[in-house]
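What follows is a set of notes on a single structure, which appears directly below.
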Amino acid sequence: MAETFRFTLPNGLRVIHSYNPVTSMAVVNTVYDVGGRDEAPDHTGMTHLFEHLMFGGSVNIPDFDGPLQSAGGTSNAWTSNDFTCFYDIIPAHNIETALWLESDRMLSLAFSDKALEVQRSVVVEEFKQVCLNQPYGDMGHRLFGMCYPAHPYGVPVIGRDFADIEKTTQEDVRRWFNAHYAPNNAVLSIVGNITPERVRELVWKWYSDIPCREIAPRLYADEPPQTSPRLTETAGDVPRTAITIAYPMGGYKDASYVPCDLITDILANGRASRFYRNLLMPGKHFADIDASILGTEHPGLLLINARLLNNGPEAEQEAIGAITAEITRLCQEGPDCRELTRCVNRLESERTFSMMNQLQKAQTLAFAELHGESPEAILPRYRAVTPSLIRDTAAEIFLPDRANTLIYRPI
């Protein structure tokens, strides 16, 4: 990996930069340490709404996209339960345009009544399209609500209900912005054909005068330990039965996080995985089956998602039994060295190639900075995992009393 340079402005903005002289482009990536976990239980969806509002104009610039596109750039954003990310891809010689735009909306939004009205409508329609008018669209609400009865992760990022967005006022918007969108709550990562000296010069020029603000504290605790299995059954206009089994696991900094990530690769990543060879290929029970982790900062979930070939109670029990047999075998025997090595090698290959993409690299650098770690330290954590650690972690995770099962049937 190319050498990275870091510095922090007096207002608390953390900056990380990687110089790439062989490209003509640059990426400006801003991550704010705010997500769905920061929302009030009675007013959800604010983070996602703000993802839209941040493109609605700022104090000195009424149109964010216009100047960026005139400079040959593009922009986009995404929101999670933990973070909000905005990024711009632009010719390197025009990078000052992106820094000007991003710094001005960090300074203050325009708080336009028209922008709020438009974006409220857009987000409400997105909620209806994604969650209400799409097969399995409400699975996230049902699953996370079951798994997190106390923690904010129980509500998907898009919000609990579109009524929460409809009632958002200008006062709510100002309060949310002032509590979270500040230089001392953000990481700015820059990758591309721009020297460290030029990055420092431009960042100081456009960001150093933005005042830091008091960030709203996080006043919730982690979800209490689960002591008994949970089951939710529902039905909708869907083509086939879907089953999700979710098991609580540690958050990003927990010692079990990396083994859990590798467990899902062993089970379901690629045609050599156990689920593919033993459950999908025989063609008896499953139309599709996968395993993944949420990848969250607080304790998260290890998910097994399956869609069945056949409907009905017998097919459901056979499918759950087949999944249980596979995870039980992993808990008892663990993987062999070759199986684990293949997964680690595949992960290393995917990561190496992804870092050739400037946007992916900028986001990797930003999150390493947020986690207080070096990007080079991530892969060694995976290489250090042993087959016995996989076995022991699986035995701790896949406990029957910790299973959260959602069965979604056709009407």
Does one side chain, of [X] or [Y], offer a donor that lies under 3.5 Å from an acceptor on the other?
| X | Y | result |
| --- | --- | --- |
| Arg37 | His298 | yes |
| Ser80 | Asp82 | no |
| Glu171 | Thr169 | no |
| Asn193 | Thr23 | no |
| Thr47 | Glu39 | yes |
| Tyr276 | Asn269 | no |
| Ser354 | Asn357 | no |
| His43 | Thr168 | yes |

Output field: ring centroids [X]/[Y] closer than 6.0 Å:
| X | Y | answer |
| --- | --- | --- |
| Tyr32 | Phe50 | no |
| Phe83 | Phe367 | yes |
| Tyr220 | His151 | yes |

Is the positively charged end of [X] above the ring of [Y], judged by distance under 6.0 angstrom from the centroid and angle within 45° of the axis?
| X | Y | result |
| --- | --- | --- |
| Arg381 | Tyr252 | yes |
| Arg105 | Phe55 | yes |
| Arg142 | Tyr136 | no |

Flag side-chain contact, heavy atom, 4.5 Å: [X] against [Y]:
| X | Y | answer |
| --- | --- | --- |
| Gln363 | Cys85 | yes |
| Leu308 | Arg240 | no |
| Val173 | Phe111 | yes |
| Leu262 | Thr393 | no |
| Leu99 | Thr97 | no |
| Met25 | Ile89 | yes |
| Phe275 | Leu280 | no |

Name each donor-acceptor pair under 3.5 Å that joins a side chain in residues 402-409 to protein atoms two or more places apart or in another chain, with its distance.
from	atom 1	to	atom 2	distance (Å)
Arg402	NH2	Pro248	O	2.6
Asn404	OD1	Gln226	NE2	3.4
Asn404	OD1	Arg230	NH1	3.4
Asn404	ND2	Gln226	OE1	2.9
Asn404	ND2	Ala246	O	3.1
Asn404	ND2	Arg402	O	3.4
Tyr408	OH	Asp138	OD1	2.7
Arg409	NE	Glu316	OE1	3.4
Arg409	NE	Glu316	OE2	2.7
Arg409	NH1	Glu233	OE2	3.3
Arg409	NH2	Glu233	OE2	2.7
Arg409	NH2	Glu316	OE1	3.0

query: Is the side chain of Ser273 donor-acceptor paired with the backbone N or O of Gly270 at a distance under 3.5 Å, no angle test?
result: yes

- prompt: Taking the inter-plane angle between the rings of His48 and His52 on a 0 to 90° scale, is it parallel (under 30°), tilted (30 to 60°) or perpendicular (over 60°)?
  reply: perpendicular

task: Could you check whether the rings of Tyr148 and Tyr153 sit parallel, tilted or perpendicular, using 30° and 60° as the cut-offs?
output: perpendicular

For [Y], is there an ion pair with [X] - N to carboxylate O distance below 4.0 angstrom?
| X | Y | value |
| --- | --- | --- |
| Glu348 | Arg351 | no |
| Arg342 | Asp336 | no |
| Glu333 | Arg391 | no |

Pairs satisfying side-chain hydrogen bond (donor to acceptor under 3.5 Å, both in side chains), at least one member in residues 285-295, at least two apart: none

What pair of heavy atoms forms the shortest contact from [X] to [Y], and how long is it?
| X | Y | answer |
| --- | --- | --- |
| Leu340 | Thr386 | CD2-C, 3.6 Å |
| Ile158 | Cys131 | CG2-SG, 3.8 Å |
| Asp38 | Asp33 | OD2-O, 4.2 Å |
| Leu365 | Pro375 | CD2-CG, 3.5 Å |
| Ile304 | Phe398 | CD1-CE2, 4.2 Å |
| Pro387 | Cys337 | CG-SG, 3.9 Å |

task: Please assess Leu202 against Ile194 for the test side-chain contact (heavy atoms from CB on, under 4.5 Å), listing each intermediate value before the final yes or no.
output: CA-CA 10 Å; Leu202 291 176; Ile194 177 170; 4.0 Å; yes

Output side-chain donor-acceptor pairs under 3.5 Å for residues 64-77, partner residues at least two apart or in another chain, one line each.
from	atom 1	to	atom 2	distance (Å)
Asp65	OD1	Ser75	OG	3.1
Ser70	OG	Gly66	O	3.0

Quick one: which residue pairs count as a salt bridge (charged side-chain N to carboxylate O under 4.0 Å, His left out) with a foot in [range], not counting sequence neighbours?
| range | value |
| --- | --- |
| residues 271-283 | Arg274-Glu339 |
| residues 109-124 | none |
| residues 179-206 | Glu96-Arg198, Glu96-Lys205, Arg198-Glu201 |

So does [X] have more than 12 non-hydrogen atoms from other groups sitting under 6.0 Å from [atom1]?
| X | atom1 | result |
| --- | --- | --- |
| Lys167 | NZ | yes |
| Gln129 | CD | no |
| Asp237 | CG | no |

message: How long is the straight-line distance from SG of Cys260 back to CG of Leu302, given to the nearest 0.5 Å?
response: 5.5 Å

- prompt: When you look at Arg329 and Asn278, which way does the side-chain contact (heavy atoms from CB on, under 4.5 Å) test go after all the steps?
  reply: CA-CA 12 Å; Arg329 185 163 68 91; Asn278 302 334; 3.2 Å; yes

